[in-house]
Amino acid sequence: MHDRYEPNEFEQKWRDRWREADLFRTREDAARPKFYALDFFPYPSGAGLSVGHCRNYIPTDVLCRMRYMQGFNVLHPMGFDAFGLPAENEAIKKQRHPSTMVHEYGATYRRQMELIGNGYDWSRSFYSSDPSYYKWTQWIFKQLFNKGLAYRSNAAVNWCPKDKTALANEEVVGGLCERCGTAVEKRFIPQWFFKITEYAQRLLDDLDDLDWPEGIKNQQRNWIGRSEGVEFEMSVADQTSVPAGYDLDDDSGQKHEALRFRVFTTRIDTIFGMTFCVLAPEYPLVKTLSERASPEKRTEIEAYVQAAKSIGDTTRQATDREKSGVHTGCFAVNPATGKPVPIFIADYVLMGYGTGAIMAVPGHDERDFEFATKYEVPILPVIAPAVEALDQVIASHQAGHAFESKDGVLVNSGEYTGMPVAEAQLNLGVWMESLGIGERKVNYKLRDWLISRQRYWGCPIPILHDADGNVEAVSDECLPVQLPDVERYEPGDDGASPLAAITEFVNATASDGTMAWRETDTMGGFACSSWYFLRFCDPHNFEEAWSLEKVKYWMPVDCYVGGAEHAVMHLLYARFWTKVLFDLGLVPTKEPFARLQNQGQVLAMTPYRLPRPDETLEVGEDAILIGFDEAETMAADQLTWKWARMSKSKGNVVTPEEAVGLYGADALRVYELFVAPFEADVQWSNEGMQGAVRFLSRIFKIAAELQPIYNPGWRRSLGETNGLAKDIRRWTHQTISKVSEDIERFAFNTAVSTLMIYVNNLNDALRKLDAQDASQASAISEALETLILLVSPIAPHSADEIWSSLGHEGFVYLQEWPVANPELAVADEVTIAVQVNGKLRDTITVPASASNEEIETLAMGSDKVVFHLDGKTIRKVIVVPGKLVSFVAN
RNA sequence: GCCGGGGUGGCGGAAUGGUAGACGCGGCGGUCUCAAACACCGUUGAGCUCAAACUCAUGAGGGUUCGAGUCCCUCCCCCGGCACCA
């Protein structure tokens, strides 16, 4: 037996044995409970894994290993998110075919995952680019299509000029392509969408029951962006009702037919304060109003609309931009007051939200206030803290700000004056409905999910177009629509997929035998990852996407682990697909992931230097990234070292091979688990792993020392224990319960620290141990076994090595997880804090069975307590059993 | 601006309203060694000290409580997300 941790001597041996024994093959034993744990579907990048990725995979593996030992059927699969932009872009750069490249990278990932000792059931693995997988991605597309949830539309879409494809809203971050950081442009191309908006309310409501981090749920709530309000109709006023002081530019002198438009507001209570209204420049009515206007006015309007079109969305939506707009020369009637208000066109109103038109209440909305000030529109206070507190509102206006108030009462609001805001919102909504010009309505920021990509490397959309422009789904027998194997697949700039140039692919026959052509867009990668967790339940099914029975058994995923960056992308899409499939009766759960955990990132020291005078910095950077080689050549005062996320581009990656080579796989596992809470970021240092090595070495040392007295039959020879033997058993059973709980709640750092305390205690006990004492020998044998079992999910190679050195056959993984006996975990004596007037003055040791009165008496006997109580009268005594005694005296 | 999550020794971090700083890293002292490394043993919040005792201390300030890192209020700072969404 090794007496210290020497990973090179045994770790590889155990990994080989696990593979030979097919140890991690999924068990589907009907008598056992199931546990489904899953890591986010990784895209296999050419950079391979870093120790940062391991921080995701190791903890899931620890939990799975414990669950298996606890008697669960564990499903712990791994596969690869192979389709999509990142793979294709890398393949283009390397002049390779994405298919061969991705498989090669996937093999590297697998090798690295095995190197760190992770136990996946590789027999269930697949690539999302396998035809046997994407056949079913297409089949699910069809389910959506048949249900009316997939549609083609010629809308303005986000186009990434670098990746040469359209993107979903979720993939545009701050106006930039989420992948490559290029500014997106607007394009009008016919695109396929999924109607995720139809599920907005359910996606919002069902968040409440999920055991997910609050931050992720919050992000989804914001993204869905529900708001309640009233949508109502405004009529354009006839020129005869134009108020004095407004010069109407209508040169026709004619009466026009009644024009109307609808506005949405969340603050119907402020309607009496509407002194103008605003249409988005893209609003359809703008054209009509412009045609009515004088030639000069028309020129002005058209110029403004043109200008709004030409500036990008990002610029347009910058909050610090000065408001701009143009008066149409027309007026609309405020339905509450009956008075005409001017209609403006302004680009601060967006066509994409609500109706694209608003009622403007400058008195109580900062944006409207800014606009009204610039264009000299009246500002009217209609909400105040109280009817008699109008001066506060006026003061705010004079100071240059709208008075924004969610409570308070209405003023200057006719019969509603004096009514509290909440009540007025309800009453005015009802009033609108009774009048028949509006209704209470819920709006969402969520937009439909744009799924088309004008790229080669994705799942083909299984749709045929006929000569008349009709679309039909490819019949089930003809699935999968195979992605043609071609040499050249670079995207074009014309908004067409490269597949459009492949006539053999495009030409097809419709179901009625007429000529048709295939849809040439492919699906974005998020389609593939929206159901892979279902396929893992039944990965070799060639008849159907999955059998309902299998999915009923395994779903939902009990523990889903990955980074927080997918909050509104993958995690939202996968929820949506699951709900659709649920409605179709194809899956038994409304939600795919019962519990979600986000791991922290691993940061590495990365060299930066100060910019030279002629250099400009990247957004968010205050220095310029340099390579480690360059850093070596520079003087220390020229450099700044910063903690940055490990990435190939920063050159700061530590690979699992390096870490395992230097310190061993188990040391890497222990270090990553122990160094910080699971969800916290970690500052990587190779030296930090030395502590993990010491911990593992101590375990080996204890095991080696105990080997001669270790008795595998300790259960039979255990009798009444006292003294040291009893202490040992108490530590053992306390440790079992704490470690089990901690692993369960993802507190791996405290699980490891508990094991360290246990090891330290056993180490101390070793020095006092009497090998001739049978009860001590049994207790320490139990302790040694328990230590190996408890440490095995965390350091599986070491556990197996020690286990076999002690003469056991097989693997620790196949042993039963120990169960704590609460009676043994209880101490005979407890240390109790004694406080006088809230300050700690002494601690006393009392029998655990002592009554409150006995504890109080013992505490009164303490010299220190006597000293601090001297000359005082005890007013009150608080006894918390097992914890403290507190005297209140004066 | 809005919404989340945070702020504890030199560092990473522990702590169901009940002994703040577990465990580890680093430091210091020692054992082993010709010496070093490894390993092992001891020590390590600050102040005052020979020591005991005492005082202070969980971003700042208030409050509730016998007792607050933990609960409440006001404010500051950091991280993440959203942002002209009516």
Side-chain angles (χ1 to χ4, degrees), chain A residues 3-4 173-174 213-223 225-227 229 231 263-267 270 277-278 280 316-321 323 346-350 352-361 364-368 370-371 404 443-446 564-565 567-568 598 670-671 674-677 679-683 685 687-695 697-698 701 747 749-760 763 767 831-844 864 867-868 874-880 882-890:
Chain A
D3 64 352
R4 60 190 174 123
V173 179
E214 210 40 56
I216 300 286
K217 293 208 260 185
N218 189 46
Q219 275 188 59
Q220 292 212 349
R221 290 192 186 105
N222 286 343
W223 190 259
R226 183 184 199 274
S227 58
E231 189 179 302
V263 298
F264 174 74
T265 180
T266 55
R267 292 302 301 268
T270 62
C277 49
V278 184
R316 173 166 163 185
Q317 289 179 33
T319 45
D320 51 0
R321 257 179 87 231
K323 295 282 173 291
D347 65 7
Y348 77 94
V349 172
L350 309 174
Y353 184 78
T355 61
I358 63 158
M359 69 173 217
V361 184
H364 304 281
D365 181 284
E366 198 63 33
R367 298 154 301 184
D368 298 341
E370 205 189 311
F371 190 88
E404 292 186 58
N443 255 318
Y444 301 91
K445 285 196 234 172
L446 185 69
E565 66 275 11
V568 295
N598 296 128
V670 168
Y671 175 65
F674 176 65
V675 68
E679 63 282 3
D681 287 351
V682 167
Q683 299 175 341
S685 76
E687 298 73 43
M689 271 196 290
Q690 194 57 50
V693 170
R694 267 201 281 265
F695 166 64
S697 279
R698 281 190 163 204
K701 194 180 142 219
N749 58 329
T750 52
V752 173
S753 97
T754 302
L755 286 166
M756 286 174 169
I757 294 167
Y758 188 43
V759 165
N760 292 346
N763 199 42
R767 295 194 224 161
T831 306
I832 288 200
V834 185
Q835 296 183 347
V836 178
N837 287 337
K839 283 194 195 291
L840 180 74
R841 294 304 177 185
D842 201 3
T843 56
I844 55 170
K864 291 169 191 169
F867 176 79
H868 287 283
I874 296 173
R875 302 291 173 197
K876 196 176 174 186
V877 182
I878 295 139
V879 181
V880 182
K883 293 280 185 187
L884 64 59
V885 186
S886 182
F887 295 101
V888 186
N890 58 16

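Sequence lines set the chain letters: A, B, ... in the order given, protein chains first and strands last, and positions in each chain run from 1.
Here, B:C71 and B:U55 have their C1' atoms 27 Å apart, quoted to the whole Å. The same atom, P, is picked in B:G69 and in B:A20; the two are 9 Å apart, to the nearest Å. B:A46 and B:C40 have their C1' atoms separated by 30 Å, with the value rounded to a whole Å. Nucleotides B:G24 and B:G6 place their C1' atoms 22 Å apart, quoted to the nearest Å. Comparing the same atom, C1', in B:G9 and in B:A22 gives a spacing of 13 Å after rounding to whole Å. For the C1' atoms, the distance from B:C54 to B:G1 is 50 Å, rounded to whole Å. When the P atom is used for both B:G21 and B:C28, the distance is 24 Å, rounded to whole Å. Atom P of B:G45 sits at a distance of 13 Å from the matching atom of B:A52, rounded to the whole Å.
Comparing B:G12, B:U19, B:G18 by their nearest atom to the side chain of A:Thr843 picks out B:U19. When each of B:G24, B:G18, B:A86 is scored by its nearest atom to the side-chain atoms of A:Val349, the top-ranked nucleotide is B:A86. Minimum atom distance to the side chain of A:Thr831 is reached by B:U19, of the listed B:G13, B:U19, B:C84. When distances run from any side-chain atom of A:Gln683 to the nucleotides B:G12, B:U19, B:C41, the shortest one goes to B:G12. Residue A:Ile878 places its side chain closer to B:C66 than to any other of B:C41, B:C84, B:C66. Checking B:C23, B:A86, B:C84 against the side-chain heavy atoms of A:Ser753 singles out B:C23 as nearest. Among the nucleotides B:C84, B:C66, B:G13, the one closest to the side chain of A:Pro677 is B:G13. Candidate nucleotides B:A15, B:C41, B:U19 were compared by shortest atom distance to the side chain of A:Thr750, and B:A15 ranks first.
Taking atom CD on A:Glu370 and atom P on B:A86, their separation rounds to 17 Å, with Å as the unit. In this structure, CG of A:Leu884 is placed 7 Å from P of B:U19, rounded to the nearest angstrom. Look at CZ on A:Phe695: it is 11 Å from C1' on B:G24, rounded to the nearest Å. In this structure, A:Ile358 places its CD1 atom 5 Å from C1' of B:A86, rounding to the nearest Å. Across the protein-nucleic acid pair, A:Glu565 atom CD and B:G80 atom P stand 13 Å apart, rounded to whole Å.
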Please write out the pairs of protein N or O atoms and N or O atoms of nucleotides 53-58 of chain B separated by less than 3.5 Å, giving the distance to one decimal.
unit_1, atom_1, unit_2, atom_2, d
B:A53, OP1, A:Lys864, NZ, 3.4
B:C54, OP1, A:His868, NE2, 3.1
B:U55, OP1, A:Arg841, NH2, 3.4
B:U55, OP2, A:Arg841, NH1, 3.2

Distances for protein N/O vs nucleotides 26-31 of chain B N/O pairs under 3.5 angstrom?
unit_1, atom_1, unit_2, atom_2, d
B:G26, OP2, A:Arg694, NH2, 3.2

Look for any protein N or O under 3.5 Å of an N or O in nucleotides 2-5 of chain B and output each such pair with its distance, or none.
unit_1, atom_1, unit_2, atom_2, d
B:C3, O2', A:Asn218, OD1, 2.7
B:C3, O2', A:Asn218, ND2, 2.7
B:G4, O4', A:Asn218, ND2, 3.1

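Residues that satisfy the side-chain contact (heavy atoms from CB on, under 4.5 Å) test with A:Ala833, not counting sequence neighbours, are A:Leu840, A:Leu884. Checked against ring pair (Phe, Tyr, Trp, His ring centres under 6.0 Å), A:Tyr671 has the following partners two or more places apart in sequence or in another chain: A:Trp684.
We find that A:Asp347 and A:Lys323 are not joined by a salt bridge, their nearest charged nitrogen and carboxylate oxygen being 4.0 Å or further apart.
Proximity of A:Asn760 to the phosphate of B:A22: no side-chain N or O atom is located under 4.0 Å from OP1 or OP2. Phosphate proximity of B:C41 to A:Arg698: present, with a side-chain N or O under 4.0 Å from OP1 or OP2. Between A:Thr754 and B:C23 there is no side-chain N or O to OP1 or OP2 distance below 4.0 Å.
At the heavy-atom level, A:Gly688 lies nowhere under 4.0 Å from the strands shown.
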Applying the Watson-Crick and G-U criteria (both distances under 3.5 angstrom) with [ ] for crossing and | for other-strand pairs, one obtains for RNA chain B (((((((..(((.....[....)))((((((.......))))))(((......)))..(((((..]....))))))))))))....
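Side-chain atoms of A:Lys445 and base atoms of B:C82 include no donor and acceptor less than 3.5 Å apart. For B:G80, its base never sits under 3.5 Å from the side chain of A:Gln219 at any donor and acceptor pair.
Nearest-nucleotide mapping onto RNA chain B: of A:Arg4 and A:Ala680, the residue sitting toward the 5' end is A:Ala680.
Within the 3.5 Å criterion, the main-chain N or O of A:Ala567 finds a donor-acceptor partner in the side chain of A:Gln220.
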